**Q** 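Got a structure here, written out as structure tokens. Questions coming.
Every chain is numbered from 1 and lettered A, B, ... according to where its sequence line falls, protein lines coming before strand lines. Predicted model only: the values in this text are computed from it and were never measured.
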There are 2 protein chains.
Amino acid sequence: MQLKKYTDYGLRILMYLASHDADESQEGPKLATIREICDTFDLSANHVNKVVHHLGRLELIETRRGKNGGFVLAQRPEDISLAFVIRQLEGDERWIECENPYCVALPACELRGIVARGKELFYEYLDQYTLKSLMVKAPQLRQIFAAGR
Amino acid sequence: MQLKKYTDYGLRILMYLASHDADESQEGPKLATIREICDTFDLSANHVNKVVHHLGRLELIETRRGKNGGFVLAQRPEDISLAFVIRQLEGDERWIECENPYCVALPACELRGIVARGKELFYEYLDQYTLKSLMVKAPQLRQIFAAGR
DNA sequence: TTATAAGACGCATTATGAATGTATGATTGA
DNA sequence: TCAATCATACATTCATAATGCGTCTTATAA
């Protein structure tokens with residue numbers, strides 16, 4: 001019972017972009033690249049590649065291919081809900097599996113509903129927070145990220 | 001992000017025992033056996049073996065070795081918190097991993113605390129429920145379990 | 001006291017899925 | 001056209017959950 005690294009990477013990428021965008025507010029945000037992210041967080045390019053692609057499909061970031069390509073946030077940090085990001089990247093599966101294989105107790109079992117409601121509470125809580133909530137210490141983050149490249 | 005089958009099995013075993021105990025209220029509960037559980041839920045004996053052992057160490061059930069051995073609930077269903085059972089069987093790990101490998105953003109990152117709090121909310125919610133809460137449809141469960149053997 | 005039925009428990013193996021890697025295509029700018 | 005960049009399919013590795021096996025210990029009945 002743990003979030004996937006995949007999800008973790010996605011959140012880190014968004015934080016990186018949020019810090020990056022704020023940085024260059026004058027002349028519009030410069031595009032970040034997969035390479036940059038990998039250098040900063042010491043991650044595998046292939047994996048980050050996939051997460052970036054996924055974030056693009058979710059329209060959380062805008063990607064641009066070709067030379068000088070890259071990506072930026074497609075929404076304001078305060079509009080990106082952590083619940084949404086985590087749910088999407090995790091895949092929003094059931095937290096407990098009752099069919100497949102089928103459990104005989106299922107027709108009379110209360111557990112499924114209880115766990116499902118607990119899960120919803122988790123996400124409702126996360127829904128109070130946005131990418132902006134993660135940027136409370138933005139100056140420090142900018143410094144960390146700048147040092148990494 | 002899903003509960004382990006191990007945890008699931010543990011909960012099923014407890015439900016089985018709760019239904020079973022209530023059944024024989026006259027002359028004290030008869031011992032259930034691993035074989036019975038396996039037959040009822042169609043699970044592997046080896047796996048159930050381990051879960052039973054674990055439940056015993058947690059003092060949720062009393063086990064008896066030797067011929068005519070088996071196990072019964074060691075506490076009343078209303079005293080067995082679902083939060084406790086799930087936490088223990090899951091192993092109560094972090095839902096997000098920030099060190100190991102270490103993430104550069106950690107010193108300025110808000111995510112860890114947010115996820116940790118969400119996790120606590122999940123368990124606080126579960127803490128409202130007990131094994132007894134799972135037995136709302138006890139008669140139906142008894143019937144299902146009886147048919148299985 | 002012996003045979004047997006039960007759990008205890010360590011170790012080995014298998015299965016699953018996350019994590020990572022490789023390769024190539026598509027797109028864009030210089 | 002070339003090089004940089006994301007897009008995407010496919011393959012491989014690795015971690016660990018899940019399962020299996022064997023043997024020990026304990027308790028009871030015959």
**Q** If you only use heavy atoms from C-beta on, which nucleotide in dG20(D), dC6(D), dT26(D) is closest to the side chain of R65(B)?
**A** dT26(D)
**Q** Would you mind classifying the nucleic acid contact of G56(B) as base, sugar-phosphate or nothing, using non-hydrogen atoms under 4.0 angstrom?
**A** nothing
**Q** So is K119(B) actually on top of F122(B)'s ring, under 6.0 Å and inside 45° of the axis?
**A** no
**Q** Could you check how far CD of E93(A) sits from C1' of dA18(C), rounded to whole Å?
**A** 12 Å
**Q** Drop me the distance from L17(B)'s CG to L131(B)'s CG, to the nearest 0.5 angstrom.
**A** 8.5 Å
**Q** Quick check for you: among dT8(D), dT28(D), dA18(D), whose closest atom lies nearest to any side-chain atom of K67(B)?
**A** dT28(D)
**Q** Nearest whole Å is fine: how far is dC6(D) P from I37(A) CD1?
**A** 9 Å
**Q** Is the centre of the F145(A) ring less than 6.0 Å from the centre of the H20(A) ring?
**A** no
**Q** Ignoring hydrogens and geometry beyond distance, is a side-chain donor-acceptor pair present between E90(A) and T7(A) at under 3.5 Å?
**A** yes
**Q** If each of R64(A) and K4(A) is mapped to the nucleotide of DNA chain C with the nearest heavy atom, which maps nearer the 5' terminus, i.e. the 5' end?
**A** K4(A)
**Q** Starting from P on dT24(C), measure out to CG on N49(A) and report it in whole angstrom.
**A** 16 Å
**Q** When rounded to the nearest 0.5 angstrom, what distance separates CG in L14(A) from CD in Q75(A)?
**A** 9.5 Å
**Q** If I take atom CD in residue E97(B) and atom P in nucleotide dA19(C), what distance separates them, rounded to the nearest angstrom?
**A** 12 Å
**Q** Rounded to the Å, how far apart are F71(B) CZ and dA5(C) P?
**A** 17 Å
**Q** For Y9(A) and dA18(C), give me the distance from atom OH to atom P, rounded to whole Å.
**A** 14 Å
**Q** Determine the contact category for N68(B): base if any of its heavy atoms lies under 4.0 Å from a base atom, sugar-phosphate if only primed atoms, P, OP1 or OP2 are that close, otherwise nothing.
**A** sugar-phosphate
**Q** How long is the line joining CD1 of I13(B) and C1' of dG7(C), in whole Å?
**A** 13 Å
**Q** Checking Y16(A) against E36(A): is there a side-chain donor and acceptor pair closer than 3.5 Å?
**A** yes
**Q** Just compare dG7(C), dT19(D), dG25(C) and give me whichever is closest to any side-chain atom of K5(B).
**A** dT19(D)
**Q** If only side-chain N and O atoms of H47(B) are considered, is one of them under 4.0 Å from the OP1 or OP2 phosphate oxygen of dA18(D)?
**A** no
**Q** Does K50(B) or R35(B) map to a spot on DNA chain C nearer the 5' end, using the closest nucleotide for each?
**A** R35(B)
**Q** Please state how far atom CD in Q2(A) lies from atom P in dT16(C), giving the value in whole angstrom units.
**A** 22 Å
**Q** Looking at T33(A), does any N or O in its side chain come under 4.0 Å of the phosphate oxygens OP1/OP2 on dA4(D)?
**A** no
**Q** Of the candidate nucleotides dG7(C), dG21(C), dG25(C), which contains the atom at the shortest distance from the side chain of S44(A)?
**A** dG21(C)
**Q** Considering every strand and a 4.0 Å limit on heavy-atom distances, what is the contact class for G69(A): base, sugar-phosphate, or nothing?
**A** sugar-phosphate
**Q** Reading DNA chain D from 5' onward, which residue's closest nucleotide shows up sooner: Y6(B) or H53(A)?
**A** H53(A)
**Q** Would you tell me if any nitrogen or oxygen in the side chain of T63(A) comes within less than 4.0 Å of OP1 or OP2 on dA7(D)?
**A** yes
